[in-house]
Amino acid sequence: MSDATFLSWPFFDDEHRELAAALDAWAHDNVPDEEYDDVDAGCRALVAALGRDGWLRYVVPAAFGGAFEEVDSRAVCIARETLARHNALADFAFAMQGLGSAPIVLAGAPEVQARYLPRVREGTAIAAFALSEAQAGSDVAALATTARPDGDAYVLDGEKTWISNGGIADFYVVFARTGDAPGSRGISAFVVEADDPGFSVEERIDLIAPHPLATLRLHGCRIPAERRLGAGGDGFKLAMRALDVFRASVAAAALGLARRALDEALDRATSRAMFGQVLSDFQLTQAALAEMATGIDASALLTYRAAWVRDVEREPTTREAAMAKLTATETAQTIIDRAVQLHGALGVTRGTVVERLYREIRALRIYEGASEVQQLVIARATLARHQEER
Ligand code: COS
């Protein structure tokens with residue numbers, strides 16, 4: 001059992017503690033502790049199971065059957081941390097239902113919200129967030145997909161890539177350029193359904209830790225104008241607001257992977273005989289374990305600080321979420337690498353837990369804003385505060 005003492009920190013209420021225990025027990029019984037051979041089928045099954053048993057209530061507001069009045073960041077983070085400890089694809093399935101529907105929660109018209117959000121909660125519709133393009137990854141404002149108004153519709157043209165749930169999603173929140181305004185100002189968000197004419201999955205992308213991922217093609221893709229989310233030109237800010245919530249939760253997922261690595265390392269270190277003692281008797285091992293445990297607590301403090309500021313203080317958390325994501329993902333990479341080292345040859349043997357974690361953690365330092373983007377965001381906020389105080 002992982003260290004759960006963090007749940008007594010003042011960031012949490014009883015409902016958070018209950019969620020952590022109940023979801024851990026559920027995952028133990030319902031989520032395999034191994035990779036799926038077929039990630040598409042696995043992901044579909046996980047979304048269905050998470051919906052059936054009520055866990056997706058944490059990604060939509062109460063008005064659509066959600067567990068909290070508004071989506072609660074601490075609950076999302078606890079859910080991701082817990083699921084990631086068991087199986088990274090389970091965390092992915094949960095998180096993508098949230099990220100893919102967040103722009104609808106934030107800015108969808110009531111009828112658009114009513115069309116998608118209950119199905120997201122039930123796990124009967126799979127959501128996706130289609131922002132990145134081949135030439136617009138970190139530099140979102142450079143995206144080139146267009147959406148042209150045409151009567152009571154919009155016609156979308158362009159290509160999106162590295163889209164999570166690409167190929168299995170029922171709908172995609174697609175960001176496209178609607179106006180002549182340059183950079184970030186001319187972008188709007190739309191809901192595109194997988195069976196809309198002109199929408200196709202161009203190519204599936206294979207990852208070192210398999211998750212559904214694809215390149216999407218929009219070719220004269222015509223959708224009703226009501227499926228635009230928020231005002232025209234608001235798309236960039238909408239994407240950033242959705243990412244503010246989910247970046248802190250990526251930190252939580254990294255934390256879950258790191259906690260699992262420490263658990264595995266502790267089991268190994270206390271059982272592996274070497275030179276007449278066990279691995280954990282060596283001070284070098286103890287130094288590694290100490291750094292791993294400290295890195296986990298430091299990451300947890302930043303992660304749950306970001307979630308608490310958003311939920312309780314109701315302040316913008318761009319800076320806090322960036323600090324959490326940067327620290328937790330980079331630290332988890334180091335912790336998992338140490339766990340691999342403590343396992344020796346077993347650590348690089350296909351099929352061991354630490355080998356799986358080693359592949360799983362890598363993408364978290366890249367998606368939803370690479371570490372370098374988080375550094376940029378933190379530096380900008382720090383400099384802006386300094387200017388204001390002068
Ligand atoms: N919430 C609300 N508004 C925000 C915001 C946020 N978190 N961040 C920026 N904005 C606003 C700014 O205030 C600015 O508004 P005005 O035009 O009214 O002044 C506008 O959005 C543009 O912001 P900025 O000038 O900072 O945009 P940049 O093009 O410099 O981009 C980064 C900033 C690099 C931070 C952004 O492009 C980014 O996050 N990139 C990574 C994208 C990403 O995560 N990709 C992964 C996709 S999902 S796997």
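Read the numbers this way: they start at 1 and go in the same order the structure lists the ligands and their atoms. No hydrogens, no waters, no symmetry mates; every other heavy atom, side chains included, goes into these values.
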*Closest non-hydrogen protein atom to atom 37 (O) of ligand 1, residue and atom name please, with distance?*
Ser138 O, 3.3 Å

*Among all protein heavy atoms, pick out the one at the shortest distance from atom 26 (O) of ligand 1; state its residue, atom name and that distance to 0.1 Å.*
Arg380 NH1, 2.7 Å

*atom 3 (N) of ligand 1: the protein heavy-atom neighbour that sits closest, reported with distance to 0.1 Å*: Lys237 CG, 3.8 Å

*Which heavy atom of the protein is the closest neighbour of atom 2 (C) of ligand 1, given with residue, atom name and distance?*
Arg241 CG, 3.8 Å

*For ligand 1, which atoms, with element, lie under 4.0 Å from some heavy atom of Ser132?*
47 (C)

*Which of the atoms of ligand 1 are close to Asp244, meaning less than 4.0 Å from one of its heavy atoms?*
1 (N), 6 (C), 7 (N)

*Give a yes or no on this: more than 12 heavy atoms of other residues, nucleotides or ligands lie within 6.0 Å of atom CG of Asp38.*
yes

*Among all protein heavy atoms, pick out the one at the shortest distance from atom 6 (C) of ligand 1; state its residue, atom name and that distance to 0.1 Å.*
Met240 CB, 3.4 Å

*So, for atom 32 (C) of ligand 1, does the protein have a heavy atom nearer than 4.0 Å?*
no

*Identify the protein heavy atom lying closest to atom 39 (O) of ligand 1, giving its residue, its atom name and the separation to 0.1 Å.*
Arg247 NH2, 2.9 Å

*Hey, looking at atom 34 (C) of ligand 1, which of Leu99, Leu376, Ile187 has the closest heavy atom?*
Leu376

_Give me the residue, atom name and distance of the protein heavy atom closest to atom 29 (O) of ligand 1._
Ala141 CB, 3.8 Å

*Could you tell me which residues satisfy side-chain contact (heavy atoms from CB on, under 4.5 Å) with Glu111, sequence neighbours excluded, listed by chain and number?*
Ala109

_Please list, in number order, the atoms of ligand 1 under 4.0 Å from a heavy atom of Leu131._
47 (C)

*Can you list the ligand 1 atoms lying under 4.0 Å from a non-hydrogen atom of Val377?*
35 (C)

*Can you sort out the partners of Val47 under side-chain contact (heavy atoms from CB on, under 4.5 Å), two or more places apart, ordered by chain and number?*
Leu56, Ala93, Gln97, Ile126

_Glu368/Lys325 ion pair, N-O < 4.0 Å_ = no

*Return yes when atom CD of Gln283 has more than 12 non-hydrogen atoms of other residues, nucleotides or ligands closer than 6.0 Å, and no otherwise.*
no

*asked:* Would you say atom 46 (C) of ligand 1 makes contact with the protein, given that contact here means a non-hydrogen protein atom less than 4.0 Å away?
replied: yes

_Would you say OH of Tyr358 has more than 12 non-hydrogen atoms from neighbouring residues, nucleotides or ligands within 6.0 angstrom?_
no

_With the threshold set at under 4.0 angstrom, would you say Gly137 reaches ligand 1 through any of its heavy atoms?_
yes

*Flag the pair Ile78 / Arg17 as yes when at least one side-chain heavy-atom distance between them is below 4.5 Å, and no otherwise.*
no

*Side-chain contact test, heavy atoms from C-beta onward, threshold under 4.5 Å: evaluate it for Glu81 versus Phe6 and give yes or no.*
yes

*Go through ligand 1 atom by atom and flag the ones less than 4.0 Å from a non-hydrogen atom of Thr318.*
7 (N)

*Nearest-contact summary for atom 27 (O) of ligand 1 - protein heavy atom, Å*: Phe236 CZ, 3.5 Å

*Does one side chain, of Arg310 or Thr317, offer a donor that lies under 3.5 Å from an acceptor on the other?*
no

*Could Asp33 and Arg260 be called an ion pair, given the rule that one side-chain N must be under 4.0 Å from one carboxylate O?*
yes

_Presence of salt bridge, Arg85 and Asp263, under 4.0 angstrom_ = no

*In ligand 1, which numbered atoms sit nearer than 4.0 Å to a non-hydrogen atom of Arg185?*
16 (P), 17 (O), 18 (O), 19 (O)

